[in-house]
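The block underneath contains the structure these notes are about, expressed in C-alpha cells.
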Amino acid sequence: MTDANLSFLALCVLPIFFLIFLKLIVRPRPIKIPIKSRHVFITGGSSGIGLALARQAAAEGARVTILARDLNKLEKAKNSIRLSTGIDVNIVSVDVCDFQAVKEAVENAGPIDVLVCNQGVFVAQEIVNQDVKEIRGMIDVNLIGTINLVRAALPGMKNRSDRKPVSIAFMSSQAGQVGIYGYAAYSASKFGLRGLAEALQQEVIADDIHVSLIYPPETKTPGLAKARKTMSRLTSIITASSSEMEADEVAKKALNGIKSGCFSITCNLVGLLLSIATSGLSPQRSYLMAFVEVITVGAVRIVALCFQWSWYRAIEKWHAH
Ligand SMILES: NC(=O)C1=CN([C@@H]2O[C@H](COP(=O)(O)OP(=O)(O)OC[C@H]3O[C@@H](n4cnc5c(N)ncnc54)[C@H](OP(=O)(O)O)[C@@H]3O)[C@@H](O)[C@H]2O)C=CC1
Ligand SMILES: CCCCCCCCCCCCCCCC(=O)[C@@H](N)CO
C-alpha cells in the first residue's frame with residue numbers, strides 16, 4: 001500500500017467504521033421523551049432550579065406538580081408561575097425524608113411521566129468541623145430522599161396505562177463528579193446519586209423508563225446565596241473553575257436533556273469536559289458523543305491534571321499564609 005492510501009485509511013475509513021461500530025453498540029438506544037400534556041413531578045420546585053424547571057415545563061404544556069416542605073413558598077411559587085405563564089401547577093407539601101408521606105403524595109398526584117428529583121440542601125464546610133446533624137441532613141435529603149421518591153413512584157410508573165417512554169431525573173452537581181474542598185459531605189451525597197442512577201437504569205430499562213443525571217455548576221439560587229454566607233474562600237476559588245449560571249439556563253439544559261433521554265446532562269463547557277473526564281461506565285446513548293469521548297479522553301485527562309495542579313497550588317498558598 002502507498003503512503004497516500006495508508007493515510008486515507010487512517011483518516012477516513014477507520015473513523016467511519018468506528019462510528020458505525022459505536023452506532024451499533026451504544027446502549028440504551030436513543031429515545032425521545034415527550035412532555036407536552038404529560039405529568040411532570042418536580043421536587044424542590046418552590047425555589048431556584050426546581051422553580052425554573054416547573055415554569056418551563058408548564059410553558060411547554062406539561063401538567064406540573066411541585067413538591068417541597070414549606071407551604072408558603074409553594075403558594076408563592078404557584079402564583080409566580082401563574083403570573084408568568086397563565087398556567088396553574090399543583091403543589092404538595094411533604095418532606096422527602098418521610099417515605100410514607102412521599103408515597104401518599106405520589107399516589108394522590110396521579111400517574112407520573114417525568115419525575116425530577118431536584119430537592120437538595122448544601123452547606124459548605126470542612127468535614128471535621130461540620131456538625132454531624134448537618135452531614136446527615138445532606139445525605140438524608142439529597143440521597144435517601146431521592147431513593148424514597150424513586151421507590152414511591154416506580155410501581156405507578158411501571159404500571160402506567162399508556163406505553164409511552166417515561167423518565168426519572170436526578171439533580172446532581174459538578175460536585176457530584178469531582179470532590180471539592182468544603183463539599184466533602186455534599187459531594188458524598190451527590191456521588192451516591194450516580195451509582196443509584198447507573199444501577200437504576202439497568203433495573204428499569206425493560207419498562208421503558210429512562211434515567212437522567214443533571215450536573216450543574218454553581219447556579220444563582222436562594223440556596224447558593226445562603227451557602228455563600230459561610231463558604232470557605234478555598235471553596236469559592238475551586239468552584240470558580242466552572243462559571244456560574246442562571247437557574248433558567250440550567251433548567252433549559254436539564255429539560256432538553258430529559259426530553260432527549262440523555263443519561264449525563266451537562267450545562268456548560270467545563271461541564272462537558274468534566275463529563276468526558278469522568279465518563280467511566282456511565283451509559284452513553286449518542287454514538288457521536290461516544291466517539292468524542294473515546295477520541296478526546298486522553299487529552300481531557302491532561303486538562304484535568306492541570307486543574308488539580310492549580311487547586312492544590314491554591315490550597316498550599318492558603319496554608320502558607
Ligand atoms: N445552586 C447551585 O449552585 C447548585 C445546585 N445544585 C442542586 O440543585 C438542586 C436545587 O438547588 P437550588 O435550586 O440551589 O436550591 P434551593 O435551596 O433554592 O431550593 C431547594 C428546594 O428543595 C426543597 N427542599 C429542601 N429540602 C427538602 C426536603 N427535605 N423535602 C422536600 N423538599 C425539600 C426546598 O423547599 P423547602 O425548603 O420548602 O422544603 C426548595 O424548594 C439541589 O439538589 C442542589 O444540590 C447543583 C449544582 C449547583
Ligand atoms: C477536564 C476537567 C475539567 C475540570 C473542571 C472542573 C471544574 C469543577 C468545578 C466544580 C464546581 C462545583 C460547583 C458545585 C456547586 C453546587 O453543587 C452547589 N450546590 C453549591 O455551590
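What you see is a predicted model, and the numbers here were worked out from it, not measured in a lab. In listed order, ligands and their atoms are each counted from 1. Numbers here simply count residues along the sequence, with the first being 1.
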Between [X] and [Y], a side-chain donor and acceptor under 3.5 Å:
X	Y	result
Ser242	Asn268	yes
Trp318	Ser232	no
Ser264	Gln177	no

Is it the side chain (CB and beyond), the backbone, both or neither of [X] that lies under 4.0 Å from ligand 1, heavy atoms counted?
X	result
Leu74	neither
Val141	side chain
Ala247	neither
Arg69	both
Ala175	neither
Lys190	side chain

Pi-cation contact, Phe263 with Arg285 (under 6.0 Å, within 45°): no
NZ or CZ of Arg313 within 45° of Trp309 ring axis and under 6.0 Å: yes
Criterion salt bridge (charged side-chain N to carboxylate O under 4.0 Å, His left out) on Arg194 and Glu198, from CA distance to verdict: CA-CA 6 Å; Arg194 176 162 172 171; Glu198 289 183 358; 2.9 Å; yes
Around [atom], find the nearest protein heavy atom and jot down its residue, atom name and distance.
atom	value
atom 3 (O) of ligand 1	Thr219 N, 2.8 Å
atom 30 (N) of ligand 1	Val96 N, 3.0 Å
atom 16 (P) of ligand 1	Ser47 OG, 3.5 Å
atom 5 (C) of ligand 1	Ile49 CD1, 3.9 Å
atom 24 (N) of ligand 1	Gln119 CB, 4.0 Å
atom 12 (P) of ligand 1	Thr221 OG1, 3.6 Å
atom 35 (O) of ligand 1	Ala68 CB, 3.4 Å
atom 20 (C) of ligand 1	Gly120 O, 3.9 Å

Beyond-backbone contact of [X] with [Y], side-chain heavy atoms, under 4.5 angstrom:
X	Y	value
Val166	Ile112	no
Asp208	Ile31	yes
Glu126	Tyr181	yes

Exceeds 12 heavy-atom contacts within 6.0 angstrom, atom CZ of Arg29: no
Enclosure of Lys78 NZ (heavy-atom neighbours >12, cutoff 6.0 Å): yes
For Asn142, all residues meeting side chain to side chain contact (heavy atoms under 4.5 Å, CB included), sequence neighbours excluded: Val121, Met138, Tyr186, Ser189, Lys190
Partners passing side chain to side chain contact (heavy atoms under 4.5 Å, CB included) against Lys76 (at least two apart in sequence or in another chain): none
Heavy-atom contact check, 4.0 Å cutoff: does [X] meet ligand 1?
X	value
Tyr215	no
Ser172	yes
Gln174	no
Val94	yes
Pro222	yes

Would you say [X] has any N or O atom under 3.5 Å from an N or O of ligand 1, going by distance alone?
X	answer
Leu224	no
Glu218	no
Gly223	yes

Salt bridge (charged side-chain N to carboxylate O under 4.0 Å, His left out) between Glu60 and Arg55, intermediate numbers included: CA-CA 9 Å; Glu60 290 191 25; Arg55 182 179 294 119; over 6 Å; no
Any residue meeting ring-ring contact (aromatic ring centres under 6.0 Å, His included) with Phe18, in chain and number order, not counting sequence neighbours: Phe291
Subset of ligand 1 atoms that lie under 4.0 Å from at least one heavy atom of [X]:
X	result
Lys73	35 (O), 36 (P), 37 (O), 38 (O)
Gly48	13 (O), 18 (O)
Asp95	28 (C), 29 (N), 30 (N)
Tyr186	6 (N), 7 (C), 44 (C), 45 (O), 46 (C)

For ligand 2, run through the N/O pairs with the protein that fall under 3.5 Å and put one pair on each line.
unit_1   : atom_1 : unit_2 : atom_2 : d
ligand 2 : 17 (O) : Ser173 : OG     : 2.6
ligand 2 : 17 (O) : Tyr186 : OH     : 2.8
ligand 2 : 19 (N) : Tyr186 : OH     : 2.8
ligand 2 : 21 (O) : Tyr183 : OH     : 2.7
ligand 2 : 21 (O) : Glu218 : OE2    : 3.4

Any donor-acceptor N/O pair, Thr43 side chain to Leu67 backbone, under 3.5 Å: no
Nearest candidate to atom 38 (O) of ligand 1, where distance is taken over non-hydrogen atoms, out of Asp140, Ile42, Asp70, Thr43: Asp70
Sidechain N-carboxylate O distance under 4.0 Å for Glu293, Arg301: no
Check ion pair Lys103-Glu107 (N to O, under 4.0 angstrom): yes
CG on Asp248 to NZ on Lys220, rounded to 0.5 Å: 11.5 Å
